[in-house]
Peer 1: 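Let me begin by handing over the structure; questions about it come next.
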Amino acid sequence: MTDVTDTLQLTVQQPHPGLAIATVAGDVDMHTADTLRRDASMIIQQGCPHLVLDLSQVGFCDSAGLSALIGLWHTAQAEGGALRLANVPDRLMRMLTLTGVDTVLPVHATTAEALTTMTGSPPTSTGEHGSIPPGLHRRRNP
């Protein structure tokens, strides 16, 4: 049996102004989907309408999580931006494909690939620009 956790963490980087990468860690389910939607929406609405969600650390995603992803896509569109998914685990990719969500939400093998499609060039640094909403974790560069 799988352990259920109510913990979801977003770690945010801003490699370009108006663009953020949020690494999602934990399960995205009925217990945590609202946290993902709220925190990622804050990122989008506070100056980063272009968002890449790195899902490499997501262990599980249910229909509530899928709904949160679709809601974030709508939020990004409403702000004149875009949402991209990167490093999607196999189980979640199967769900995206079966539901047809992969035809709406662009999915990329890597974060670098997603960034290239959004900026036209590969990332040169993961420098910090702008502000990150309070309460979200910002990854520091070494």
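One is the number of the first residue; the rest follow in order along the sequence. Only heavy atoms go into these numbers, but all of them, side chains included; no hydrogens, no water, no symmetry mates.
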Peer 1: Please list, chain by chain and in numerical order, all residues satisfying side chain to side chain donor-acceptor pair (under 3.5 Å) with H108, sequence neighbours excluded.
Peer 2: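 Per chain and number, H108 pairs via side chain to side chain donor-acceptor pair (under 3.5 Å) with E113.
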
Peer 1: Applying side-chain hydrogen bond (donor to acceptor under 3.5 Å, both in side chains), which residue pairs with at least one partner in residues 60-70 are found, sequence neighbours left out?
Peer 2: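 Sorted pair list: R37-S67.
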
Peer 1: Compile the donor-acceptor pairs under 3.5 Å between side chains in residues 73-83 and protein atoms, sequence neighbours left out, one pair per line.
Peer 2:
from, atom 1, to, atom 2, distance (Å)
T75, OG1, G71, O, 3.0

Peer 1: Would you say the side chain of L10 lies within less than 4.5 Å of the side chain of I43, judging by non-hydrogen atoms?
Peer 2: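 The answer is yes, as the side chains (C-beta and beyond) meet within the 4.5 Å cut-off.
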
Peer 1: Do T23 and T111 have side chains that approach each other closer than 4.5 Å (heavy atoms only, starting at C-beta)?
Peer 2: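 T23 vs T111: side chains apart.
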
Peer 1: Of the non-hydrogen atoms in A68 and A33, which two are nearest, and what is the gap between them?
Peer 2: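 Shortest heavy-atom separation between A68 and A33 comes out as CB-O, 3.7 Å.
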
Peer 1: What distance separates I44 CD1 from L51 CG, expressed to the nearest 0.5 Å?
Peer 2: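 Rounded to the nearest 0.5 Å, the CD1-CG separation comes to 5.0 Å.
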
Peer 1: Below 3.5 Å, can you tabulate the donor-acceptor pairs from side chains in residues 94-105 to any protein atom, sequence neighbours excluded?
Peer 2:
from, atom 1, to, atom 2, distance (Å)
T97, OG1, M93, O, 2.9
T99, OG1, M95, O, 2.8
T99, OG1, L96, O, 3.3
T103, OG1, G100, O, 2.6

Peer 1: Would you indicate whether the side-chain heavy atoms of P106 and T117 approach each other to under 4.5 Å?
Peer 2: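 T117 does not reach P106 side chain to side chain.
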
Peer 1: Is the side chain of T32 donor-acceptor paired with the backbone N or O of D27 at a distance under 3.5 Å, no angle test?
Peer 2: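 Here the side-chain-to-backbone pair exists.
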
Peer 1: Looking at CG of N87 and CG of L53, how far apart are the two atoms once the value is rounded to the nearest 0.5 Å?
Peer 2: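 If we round to the nearest 0.5 Å, N87:CG and L53:CG are 11.0 Å apart.
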
Peer 1: If you look at every heavy atom in R91 and G59, which pair is closest and at what distance?
Peer 2: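 The answer is NH1-O, 4.5 Å.
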
Peer 1: For A20 versus P15, what's the shortest heavy-atom pair and its separation?
Peer 2: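 Closest approach of A20 to P15: CA-CD, 4.4 Å.
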
Peer 1: When you look at T35 and T7, which way does the side-chain contact (heavy atoms from CB on, under 4.5 Å) test go after all the steps?
Peer 2: CA-CA 9 Å; T35 299; T7 305; over 6 Å; no

Peer 1: CE/M118 to NE2/H16 distance, rounded to the nearest 0.5 angstrom?
Peer 2: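 Answer for the CE-NE2 pair, M118 versus H16, is 10.5 Å.
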
Peer 1: Look up atom CG in D29 and atom CG in D34, then write down how far apart they are to the nearest 0.5 Å.
Peer 2: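 D29 CG to D34 CG: 10.5 Å, rounded to 0.5 Å.
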
